[in-house]
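First up is the structure itself, then whatever we jot down about it.
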Amino acid sequence: MHRRMIGALVALSLGACGASSNEVTLLNASFDPTGDLYEEFNAAFSANYRTPDGKRVSIGMSHAGSGKQSRSVIDGLPADVVTLALENDIDQIARRTGKIPENWRTLLPANSSPYTSTIVFLVRKGNPKAIRDWDDLARTGVSVITPNPKTSGGARWNYLAAWAYADRRFGGDEARTAQFVGAIYRNAAKLDSGARGSTTTFSKQGTGDVLITWENEAYHLLIESSHGEFELVYPSMSIKAEPPVAVVPGNADRHNARKVAEDYLLHLYSPEGQRIIARNYFRPTDPTAADPEDLKRFHPVEMVSIDDPLFGGWTAAQKKHFDANGLFDRIYQPASKP
Amino acid sequence: MTEAEKAATAQQRRQKQAIGEGPITRGVLIALALAFLGVMLIAPLLVVFIEAFGRGVGVFFEALTSPHTLSALQLTLLVAAIAVPANLVFGVAAAWAIAKFDFKGKAFLLTLIDLPFAVSPVVSGLIFVLLFGANSALGPLLDSYGVKILFAVPGIVLATIFITFPFIARELIPLMQQQGSSEEEAAISLGAGGWRTFFLVTLPNVKWGLLYGVLLCNARAMGEFGAVSVVSGHIRGQTNTLPLHIEILYHDNKAAAAFAVASLLALLALVTLAVKSILEARFAGSLAAQRRH
Amino acid sequence: MSAPAITAQPCGKPPRAKWRRRSVLPGFGLSLGYTLVYLSLIVLLPLAGLAISSASLGWNEFWAIAFDPRVSAALQLSFGAAMLAAIVNTVFGVLIAWVLVRYRFPGRRWLDAAVDLPFALPTAVAGIALATLYAPNGVFGAFLENVLGVKVGFSALGVVFALMFVGLPFVVRTVQPVLEEIDRETEEVSATLGAGRFRTVTRVILPAMFPAILTGFALSFARGVGEYGSVIFIANNLPFESEIAPLLIVIKLDEHNYAGATAIATIMLVIAFVMLFVINLLQAWSRKWFGHD
């Protein structure tokens, strides 16, 4: 009996990763807010693409928080491509498994970010707390919803956007900047572990005065809530969120899918890919390919890049701000629990 | 009625009252129990169905018939179809050994069998990540043979088996202990073989308890969330079970769809409870044991 | 599981001299062997993996993680909330058991069946239902916040409510059978001897039920400490405020911090062991002094 059970398990496990022979299967491990984007993009890609020997491609999706996805791939999730929220999450895979080359960021155009976004505020109808800019988030009595930057990739961009604003405002005085960002986080009514959790908290459960979120998430919510429940506020300054993508050769090579995986990601940069990206509220890297109606949504806003000397790239920013006992731990912990 | 009789009746009434409560106390206690159960248990159940149909029947059926829901349902059924029989065989073996024989270390063995009850579901998932993950000894070895455990169906099955491990054993052991082994001993002395004795004597005696254990094991197997969430990998259409699918829909701003899928599992819970009540009412005698341990 | 899953021992004590008493029944080797192999493969081996990972941390690192303020806060919350929920569940669980056993009223059978709902309803379903009810814009949440000024959803109190939901049946199902078996004659004697009803309940009935109540409390508590699925939807998961220990394990894992996850999991596992041990002691005590189990 037992042997039969093990046999069944093995058979199942083989069944789970193999696919029918006239089809190549790709697995894309992505972060939460890209569900609709990739649903549309995958359909478009599969419709026309054939491998040199004429096979069709079907794409499986796995969505979860960016950090969780990174951990899953490290622990063996057989993703052929990763499309995550943070460079660091892909770096971790590269460093810990060697399944991705260390120079992955240089292998695709635009720093391997086929789409970008920025950090904005979503407030309730009529903006009752008169929230215009980052200063209003640090005010007492304002209840802020943002995910936990320790666990959510998206939330790190939120945090760094606030940091960039404060750095300018206090002329580079790090102590005062930290104080300001700490005040915003002490206003947090709920620190969800992922960006999606925060959106749910704000929209469905009526908690909080302002949601700090990605522009694409904000538009999603604006358009899905039909009766004008929410309003979008662009701060005076924000950050250019560059969610990166990469092929995982260590996984793709195992079923000869590296070429397909590369073509799949390259298709994101194609006019069709860019058009789908803009339609799903992400900012395209090549606006000329997108529908002008979609582009109208994206207000011009001053955006700092992660490669700005203020942050010095993700590796430095990660270490300084988010690692254990980094700045976030220091500004958030002691004040919240005296 | 004589004075003496009247006095006796009054005495009786007083005594009856003394071992029961007055109608007011009684009413208040019943009302309190009803209110607590209503708020704590019934209201959440109602909310599931109300929200499921909140955006109309169309959304409800659309959610239930979407490919992702169907594949999640398929996986959930598959996982239960493996986990429940596996634990059933174990439960019967363990109950036979523990109930029909006396040996040392029995109490310790029972504690070990109970262990998965007390372990947090998250910890149950974590142990399989540690065992089969990339940093483990086993994971890369199996991987080199192309066997996937983690982030594939086998991992989900293993975590579910772990979580539901004691359910059937725990129903059967007290029942079989209570029934003793005289009937089996008689069958054996009359020349019946071991398997024959088991199937013709033991099994009919414990079948309702067994069914009851299977039901509860099944409900838990289909509903497990924490452990499965840690080992699943969340591949849509492949490794998402119904509870994980509910979480995804809920966080994807599709609350009505989330509740529609949730209502499916809630319905399963209701069926489980209904069958259980029927079993208890009809076969009170042969089920008595589990009310006693 | 329907009733607490704890050790029931056969009536006769095995003779001390031999490892096991001889029996005419066959299949001891097979059934015990299978039980031990399956138990080892599914439960013991994975748990040993956790223990080994944890041991490789070394004491210093282990203690540094265990006494990290955020980890201690999460552990404190998990235990505090589980304790509070178990206390409330004990009070209402005894009340519900009392009403179910002692009173006859329309709908009693329905009520009895409903008690098991948390056993059958998946925790994720319970989680989204509770979150919807107790959210600031939910039916109960709005009432509690506007009328009583209490915030339940997305607060530490939300954790307690979720744990009350999952833990309630344990108390009812442990106390109920004991209450059914209590000899009404003792009550009558107490009443005849002139004790008031209140005195009879507190001096005669409650002491007899005490071990069962304590066991129900312990089971409800043990279940609550590890609960994950229902809590994460209703709590706001703020570190130091409403972040439970199982969630922190998940967070540590997602931060690639295997050491942290392992250390917290080990602490919770040890506690689970201790809880089971205590529950088994309680049951043994109950059998010894009160003659029922």
Side-chain angles (χ1 to χ4, degrees), chain B residues 18-19 29-30 33 36-37 40-41 44 47-48 90 93-94 96-97 100-104 107 110-111 114-115 117-123 126-127 130-131 161-162 166-167 170 174 177 181 184-185 188 194 216 219 223 225-226 243 246-247 250 262 265-266 269 272-273 277 290-293, chain C residues 1 3 5 7-8 10 14 19-21 23-28 31-32 34-35 38 42-43 46 49-50 53 92 95-96 99 103 105 113-114 116-117 120-126 128-130 132-133 165 177 187-188 191 197 222 226 228-229 246 249-250 261 265 268-269 272 275-276 280:
Chain B
I19 64 158
L29 290 181
I30 292 176
F36 189 78
L37 284 177
M40 285 310 296
L41 305 187
V47 156
V48 172
F90 160 73
W96 183 265
K100 302 292 180 192
F101 301 93
D102 279 324
F103 56 92
K104 278 192 183 176
L110 279 165
T111 306
D114 280 337
L115 201 53
F117 272 139
V119 174
S120 171
V122 169
V123 176
L126 174 71
I127 55 178
L130 293 176
L131 199 61
I161 291 180
F162 182 95
F167 280 74
R170 266 315 184 177
Q177 275 177 340
S181 30
E184 283 86 354
E185 280 163 13
I188 296 283
L216 288 169
F225 174 76
I246 291 173
E247 189 202 17
Y250 187 73
L265 285 172
T272 306
L273 294 189
S277 298
Q290 67 240 359
R291 276 291 168 89
R292 295 267 262 290
H293 58 131
Chain C
M1 58 179 190
T7 325
W19 176 65
R20 81 173 175 102
R21 200 163 61 180
S23 163
V24 296
L25 295 181
F28 176 73
S31 60
L32 187 68
Y34 184 79
T35 302
Y38 188 80
I42 300 287
V43 178
L50 176 67
S53 303
F92 281 94
L95 169 77
I96 290 164
V99 166
Y103 304 151
F105 52 94
D116 279 335
L117 186 70
L121 195 71
T123 51
V125 177
I128 59 172
L130 290 173
T132 305
L133 276 175
F165 178 87
E187 282 171 60
E188 279 169 33
R197 185 60 188 159
Y228 174 73
I249 295 178
V250 172
M268 296 198 70
L269 186 65
M275 285 305 303
L276 275 183
N280 276 334

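Only heavy atoms go into these numbers, but all of them, side chains included; no hydrogens, no water, no symmetry mates. In the text below, chain A, chain B and the rest are named by the order of the sequence lines, each starting its count at 1.
Closest approach of A114(C) and L41(B) over heavy atoms only: O-CD1, 3.4 Å. Closest approach of P44(B) and L130(C) over heavy atoms only: CG-CD2, 3.8 Å. A pairwise comparison of heavy atoms in L25(C) and E185(B) identifies CD2-N, 3.7 Å as the closest pair. Taking all atoms of both residues into account, the shortest heavy-atom contact from P26(C) to I188(B) is CD-CD1, 3.5 Å. Among all heavy-atom pairs drawn from A120(C) and A269(B), the shortest one is O-CB, 3.4 Å. Taking each heavy atom of S31(C) and A93(B) in turn, the nearest pair found is CB-O, 3.3 Å.
Contact annotation for L269(C): only side-chain heavy atoms (C-beta onward) come within less than 4.5 Å of a heavy atom of chain B. Only the side chain of L133(C) has a heavy atom closer than 4.5 Å to any heavy atom of chain B. Both the backbone and the side chain of A261(C) come within contact range of chain B, judged by heavy atoms closer than 4.5 Å. Both the backbone and the side chain of F162(B) come within contact range of chain C, judged by heavy atoms closer than 4.5 Å. Contact annotation for I30(B): both backbone and side-chain heavy atoms come within less than 4.5 Å of a heavy atom of chain C. At a 4.5 Å heavy-atom cutoff, the contact between F90(B) and chain C is made by backbone and side-chain atoms alike. For a residue to count as touching a neighbouring chain, one of its non-hydrogen atoms must lie under 4.5 Å from one of that chain's; by this rule M268(C) touches chain B with the side chain only. Contacts of F105(C) with chain B are made by side-chain atoms alone, with heavy-atom separations under 4.5 Å and no backbone atom involved.
Interface summary for chain C: among V48(B), T272(B), I246(B), L265(B), the most heavy-atom pairs under 4.5 angstrom belong to L265(B). With chain C as partner, the option from A94(B), A219(B), G226(B) having the largest number of non-hydrogen pairs under 4.5 angstrom is A94(B). Most heavy-atom pairs under 4.5 Å with chain B, from the set V43(C), T123(C), L50(C): that is V43(C).
At least one side-chain heavy atom of L29(B) sits less than 4.5 Å from a side-chain heavy atom of Y103(C).
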Step-by-step side-chain contact (heavy atoms from CB on, under 4.5 Å) determination, L95(C) to F36(B): CA-CA 10 Å; L95(C) 169 77; F36(B) 189 78; 5.9 Å; no
F103(B) vs L32(C), side-chain contact (heavy atoms from CB on, under 4.5 Å): CA-CA, chis, key distance, verdict: CA-CA 10 Å; F103(B) 56 92; L32(C) 187 68; 3.8 Å; yes
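Screening V123(B), L131(B), L126(B), L130(B) for a side-chain contact (heavy atoms from CB on, under 4.5 Å) involving P46(C) leaves a single residue, L131(B).
Note that CG of L276(C) and CG of D114(B) are 6.0 Å apart. Values are rounded to the nearest 0.5 Å.
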